[in-house]
Amino acid sequence: MTATILDGKALSKTIRAEIAEDVAKFTKQTGITPCLAAVLIGEDPASQIYVRNKERACKKAGIESRMHRLPVETTTEELLNLIGRLNNDQAVHGILVQLPLPAGIDEQRVLDAVRPTKDVDAFHPENVGLISQGRPRFLPCTPHGIQQLLIRNGVELSGANVVVLGRSDIVGKPMALMLMQKADGANATVTVAHSRTKNLADVTRSADILIVAMGVAKFVTADMVKPGAVVVDVGINRTDDGLVGDVDFDAVKEVAGRITPVPGGVGPLTVTMLLHNTLAGARGRGKGERGRGML
Ligand code: GUN
């Protein structure tokens, strides 16, 4: 059996067209152009590519993007200063600080300084708390993209056994929080597994839906997957074989029912959800309005 591909690139195109239409309507009605301020410190090549993709996607959707490129020697205080100015700039609706930050910068202080109502990454503790309580202001971009990919491809989440492999603040933890909620497009039974989990293959084989965000190339092998399972690969690893995910795609696709490719799976959806959050910020999520967060 060969798995069906869950095509994140195609879905991204559809959702970005929906967002562009919504942005055009919003701007016509209010005279406001949604605006994302992105901050990139240093020369990390992957981050440069991500930020360039974000800029391009904003432009195509009718969203203004303001880039702040700072040298690698930038201090925490200097960065906090810039964030303070962006927090107070009425024309800016979303603020994104590209991670990872160079060593020496206090990441926690920086992320905590972003005004929660402009926190389109949903990294601020206030926004994480709201997600945990099932009343999100913004949803974090990668987990939201995965949730949309599953919902819009008709994958049943209610009652499903979901195993999230990885416990990062960016993907694993919020993904688990979102899918366990008592809500449409959730209601899953969620297990979070990680590098210290015992009998890991037994755990992953229990998954109807396996979401992998470990950051280790080809970590998930065919014997770790239940036949027919849905496999979502969040990994992007640069290796001698080129760009590969956290899943051994060629072997796992013979066991899984559906699988995301790398590239062209989760990656494009992350940027798409950032556009959604920036529009939501401009709409008044920034004024304390509580939406469902979800598309
Ligand atoms: N670096 C890797 N993923 C992300 C993300 O979702 N947001 C930001 N700001 N940086 C990242």
Side-chain angles (χ1 to χ4, degrees), residues 3 5-6 8 44-47 49-50 98-101 107 111 121-123 128 131 139-150 155 157 160-180 188-227 229-271 273:
I5 298 292
L6 288 169
D44 179 62
S47 291
I49 294 169
Y50 292 144
Q98 184 63 37
L99 302 180
L101 292 171
E107 184 174 300
L111 297 183
D121 265 324
F123 290 164
V128 177
I131 294 163
L139 289 173
C141 299
T142 301
H144 189 195
I146 293 167
Q147 191 180 29
Q148 287 296 315
L149 184 69
L150 296 171
V155 174
L157 280 154
N161 287 325
V162 174
V163 174
V164 178
L165 195 38
R167 53 180 161 177
S168 70
D169 290 333
I170 297 183
V171 183
K173 279 189 218 164
M175 185 82 263
L177 276 177
M178 286 163 63
L179 296 183
M180 69 190 266
T189 303
V190 181
T191 303
V192 180
H194 46 77
S195 53
R196 305 282 178 92
T197 298
K198 285 185 186 153
N199 304 322
L200 184 63
D202 289 341
V203 176
T204 57
R205 265 196 307 270
S206 74
D208 303 315
I209 302 168
L210 179 61
I211 300 172
V212 190
M214 292 285 279
V216 181
K218 298 188 183 182
F219 181 85
V220 171
T221 47
D223 59 302
M224 295 169 76
V225 176
K226 175 162 80 176
V230 176
V231 178
V232 177
D233 188 351
V234 187
I236 301 178
N237 306 287
R238 270 153 244 277
T239 70
D240 294 342
D241 298 341
L243 217 59
V244 300
D246 289 358
V247 173
D248 184 358
F249 181 85
D250 288 336
V252 171
K253 79 176 189 325
E254 300 303 325
V255 180
R258 303 196 225 186
I259 188 167
T260 60
V262 176
V266 174
L269 287 163
T270 298
V271 178
M273 297 307 141

**Prompt:** Does T197 use its side chain to pair, donor to acceptor, with the backbone of L200 at less than 3.5 Å?
**Reply:** no
**Prompt:** Has the side chain of T260 got a donor or acceptor atom that lies under 3.5 Å from a matching backbone atom of D233?
**Reply:** yes
**Message:** Once rounded to the nearest 0.5 Å, what's the spacing between atom CE of M175 and atom CD1 of I131?
**Reply:** 10.5 Å
**Request:** Evaluate the side-chain proximity of L179 to I211: yes if any heavy-atom separation is below 4.5 Å, no if none is.
**Result:** yes
**Fill in**
Output for pair (L139 CG, D121 CG), nearest 0.5 Å, gives 12.0 Å
**Asked** Got a donor-acceptor contact below 3.5 angstrom from the N161 side chain to the D208 backbone?
**Response** no
**Request:** Would you check if S47 and P100 make a side-chain contact, meaning some heavy-atom pair closer than 4.5 Å?
**Result:** yes
**Asked** What is the minimum heavy-atom distance between V192 and A176, and which atoms define it?
**Response** CG2-CB, 3.5 Å
**Fill in**
Nearest heavy-atom contact between D241 and K218 is OD2-NZ, 3.8 Å
**Message:** Test side chain to side chain contact (heavy atoms under 4.5 Å, CB included) on I259 and I5; report intermediate values, then the result.
**Reply:** CA-CA 5 Å; I259 188 167; I5 298 292; 4.1 Å; yes
**Message:** Closer than 3.5 angstrom, by distance alone: can the side chain of D246 be matched with the main-chain N or O of G215 as a donor-acceptor pair?
**Reply:** yes
**Asked** Closest heavy-atom contact between A207 and A229?
**Response** O-CB, 3.6 Å
**Asked** For L165 and F219, what are the C-alpha separation, side-chain angles and deciding distance, and is it a side chain to side chain contact (heavy atoms under 4.5 Å, CB included)?
**Response** CA-CA 10 Å; L165 195 38; F219 181 85; 4.2 Å; yes
**Item:** CA sep, side-chain torsions, deciding dist, call: D169, V128, side chain to side chain contact (heavy atoms under 4.5 Å, CB included)
**Value:** CA-CA 9 Å; D169 290 333; V128 177; over 6 Å; no
**Item:** L269 side, atom CG; H144 side, atom NE2 - distance, nearest 0.5 Å
**Value:** 10.0 Å
**Item:** Rounded distance [0.5 Å steps], OG1 in T142 versus CD1 in I170
**Value:** 7.5 Å
**Item:** Q98 CD to D44 CG distance, which is reported to the nearest 0.5 Å
**Value:** 8.0 Å
**Prompt:** Side chains of D223 and T221: is there a donor and an acceptor less than 3.5 Å apart?
**Reply:** yes
**Asked** Does V155 reach the side chain of R258, with side-chain heavy atoms less than 4.5 Å apart?
**Response** yes
**Prompt:** Which pair of non-hydrogen atoms, one from S206 and one from V163, has the smallest distance, and what is that distance?
**Reply:** OG-CG2, 3.9 Å
**Asked** Do you know the tightest heavy-atom contact between V162 and A188?
**Response** CG2-CB, 3.6 Å
**Item:** Side chain to side chain, T204 and V220, heavy atoms closer than 4.5 Å
**Value:** no
**Request:** Heavy atoms only: give me the nearest V255-A222 pair and the separation to one decimal.
**Result:** CG2-CB, 3.8 Å
**Request:** Please tell me if the side chains of R238 and I236 come closer than 4.5 Å, counting only heavy atoms from C-beta onward.
**Result:** yes
**Request:** Please report the C-alpha distance between R196 and R167 in whole Å, then the side-chain angles of each, then the deciding distance to 0.1 Å, and finally whether the side chain to side chain contact (heavy atoms under 4.5 Å, CB included) criterion is met.
**Result:** CA-CA 11 Å; R196 305 282 178 92; R167 53 180 161 177; 3.9 Å; yes
**Prompt:** So do M178 and P140 actually touch side chain to side chain, heavy atoms under 4.5 Å?
**Reply:** yes
**Asked** Considering only heavy atoms from C-beta outward, does the side chain of F249 approach that of V231 to under 4.5 Å?
**Response** no
